[in-house]
> 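One structure, as structure tokens, below. Some questions next.
This is a predicted model, so every value here is computed, not measured.
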Amino acid sequence: MSDMRISFNYNGMMSTMVGKKHGITAKQISAWGDRTMVAQAAIQKIAARPTPGQELRTFHWTQLPFQDLSELDRVTARLLALEAGNIVSLGIGGSFLGNITLHEALNPPYWNDFSKLRNGHARLFFQGMNVDAVPVCALLDNLDPKRTIIPVISKSGTTTETATAFETFREWAETALGKGYEERIVAITDGNPGKGVLRQWVEQVNKDAKKEVIMSLPVPDGVGGRYSVLSPVGLITAALTGIDVRQLLAG
């Protein structure tokens, strides 16, 4: 992935360009910048020394750029070794919007249509954001389960849309592949042992197999959907499609 930067030219919004009644002044921009710095300082102060009754984990999203990526690297390497040609990412809300935003912003347009654009990486499909059976069946009828990876993203595992899609794709993979289908699934879910339906399922399958057959990554505590794109929720599909996640976290 080449080094990419986004620039924003706001000259056309300035009062010097569109007139005093409609444009933004340099003074206003300066004031906004001052307020932003004050807000950032306040967040850092609270995160460092929370007041009584205030949980530090509320501000965990501020630490996402500095997270340890070793487990993400391990999971990504193991999935890439499967040489799958397709990824079906299952999620809703921030788990869907964050992933598709990264994909559309940082990967070339028409990603799924031209192999030259993908440079050896898998095609990427999104499901689990509704209960519409038509697109699900279209994927099931046209994807090879031997060439498909299924990241399922749900902290609780009980979100209706995502859980329904996951059960459908899980059964599809198991029916087609039998033993060993589990290695094509990665669960991004609650990181606390035994907490959440999806986490419990992963633990039980691995316990029965007496080894890690289903890999998982944690949804960090204190990180809501609107910030989760910089956690494993968004980083797993980014890494699998060749986005440099370290550059992403570095801004």
> Pairs in or reaching into residues 69-89: which pass salt bridge (charged side-chain N to carboxylate O under 4.0 Å, His left out), with residues at least two apart or in two chains?
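Salt bridge (charged side-chain N to carboxylate O under 4.0 Å, His left out) check on residues 69-89 returns Glu71-Arg74, Asp73-Arg246, Arg74-Glu212, Arg78-Glu212.
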
> Which pair of heavy atoms, one from Thr159 and one from Ser154, lies closest together, and at what distance?
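That would be OG1-OG, 3.7 Å.
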
> Please table the atom pairs, donor to acceptor, closer than 3.5 Å between any side-chain atom in residues 117-124 and protein atoms at least two apart or in another chain.
from, atom 1, to, atom 2, distance (Å)
Arg118, NE, His121, O, 3.3
Arg118, NH1, Trp111, O, 3.0
Arg118, NH1, Asn112, O, 3.1
His121, ND1, Arg118, O, 3.0
Arg123, NE, Asn86, OD1, 3.0
Arg123, NH2, Asn86, OD1, 2.8

> With sequence neighbours left out, which residue pairs that include part of residues 156-174 fulfil the salt bridge (charged side-chain N to carboxylate O under 4.0 Å, His left out) condition?
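Those involving residues 156-174 are Glu167-Arg170, Arg170-Glu174.
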
> Of all the heavy-atom pairs spanning Gly191 and Arg199, show the shortest one and how long it is.
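It is CA-NH2, 3.9 Å.
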
> Would a 4.5 Å heavy-atom cut-off, applied to side chains only, mark His103 and Thr237 as touching?
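Answer no - side chains too far apart.
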
> Nearest 0.5 angstrom please: Asn142 CG to Cys137 SG, how far?
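Nearest 0.5 Å value for the CG-SG distance: 11.0 Å.
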
> Quick check against the 3.5 Å criterion: does Gln127 have a side-chain atom that pairs as donor or acceptor with the backbone of Pro135?
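Not confirmed, Gln127 side chain does not pair with Pro135 backbone.
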
> At what distance, to the nearest 0.5 angstrom, does CE of Met215 lie from CD1 of Ile236?
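Answer for the CE-CD1 pair, Met215 versus Ile236, is 7.5 Å.
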
> Members other than Leu140 in its cluster, when Ile, Leu, Val, Met, Phe, Trp, Tyr link by side-chain heavy atoms under 4.5 Å?
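Reading the cluster by chain and number, Leu140 sits alongside Val88, Leu90, Phe125, Val136, Leu139, Leu143, Ile150, Val152, Phe166, Phe169, Trp172, Leu177, Tyr181, Ile185, Leu198, Trp201, Val202, Val205, Val213, Ile214.
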
> With a 4.5 Å cut-off on side-chain heavy atoms, are Leu235 and Gln67 touching?
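Heavy-atom side-chain distance check passes, below 4.5 Å.
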
> When rounded to the nearest 0.5 angstrom, what distance separates CD in Glu183 from CD1 in Ile149?
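The CD1 atom of Ile149 is 9.5 Å from CD of Glu183, to the nearest 0.5 Å.
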
> Examine Leu217 and Val197 and state if one hydrophobic cluster contains both, with Ile, Leu, Val, Met, Phe, Trp and Tyr joined whenever side-chain heavy atoms are less than 4.5 Å apart.
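In one cluster: no.
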
> Which pairs pass ring-ring contact (aromatic ring centres under 6.0 Å, His included) with one or both residues in residues 229-251, sequence neighbours excluded?
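For residues 229-251, and leaving out neighbouring residues, there are no ring-ring contact (aromatic ring centres under 6.0 Å, His included) pairs at all.
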
> Atom CD1 in Ile100, atom CG in Asn107: separation rounded to 0.5 Å?
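Separation between the atoms: 11.5 Å.
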
> Table please: side-chain donor-acceptor pairs of residues 223-234 below 3.5 Å, with sequence neighbours left out.
from, atom 1, to, atom 2, distance (Å)
Ser228, OG, Gly225, O, 3.0
Ser231, OG, Ser228, O, 2.7
Ser231, OG, Val233, N, 3.2

> With heavy-atom distances below 4.5 Å as the criterion, would you say the side chains of Leu64 and Pro220 are in contact?
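The answer is yes, as the side chains (C-beta and beyond) meet within the 4.5 Å cut-off.
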
> Considering all heavy atoms of both residues, which atom of Arg184 and which atom of Ala84 are nearest to each other, and what is their separation?
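Taking every non-hydrogen atom into account, NH1-CB, 4.2 Å.
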
> Can you name the nearest heavy-atom pair linking Ala238 to Val245, along with the distance?
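Reported closest heavy-atom pair: CB-CG1, 4.1 Å.
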
> Distance check, rounded to the nearest 0.5 Å: Thr162 atom OG1 versus Asn130 atom CG?
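These two atoms lie 9.5 Å from each other.
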
> Are the side chain of Thr189 and the backbone of Lys155 linked by a donor-acceptor contact shorter than 3.5 Å?
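At least one qualifying donor-acceptor pair exists.
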
> Roughly how far, to the nearest 0.5 Å, is CD1 of Ile153 from CD1 of Ile92?
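Spacing of CD1 (Ile92) from CD1 (Ile153) equals 12.0 Å.
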
> What are the two closest heavy atoms between Ile188 and Pro151, and how far apart are they?
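Closest approach of Ile188 to Pro151: CD1-CB, 4.1 Å.
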
> Are the side chains of Leu249 and Leu69 in contact, using a 4.5 Å heavy-atom criterion?
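Yes - at least one pair of side-chain heavy atoms lies under 4.5 Å apart.
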
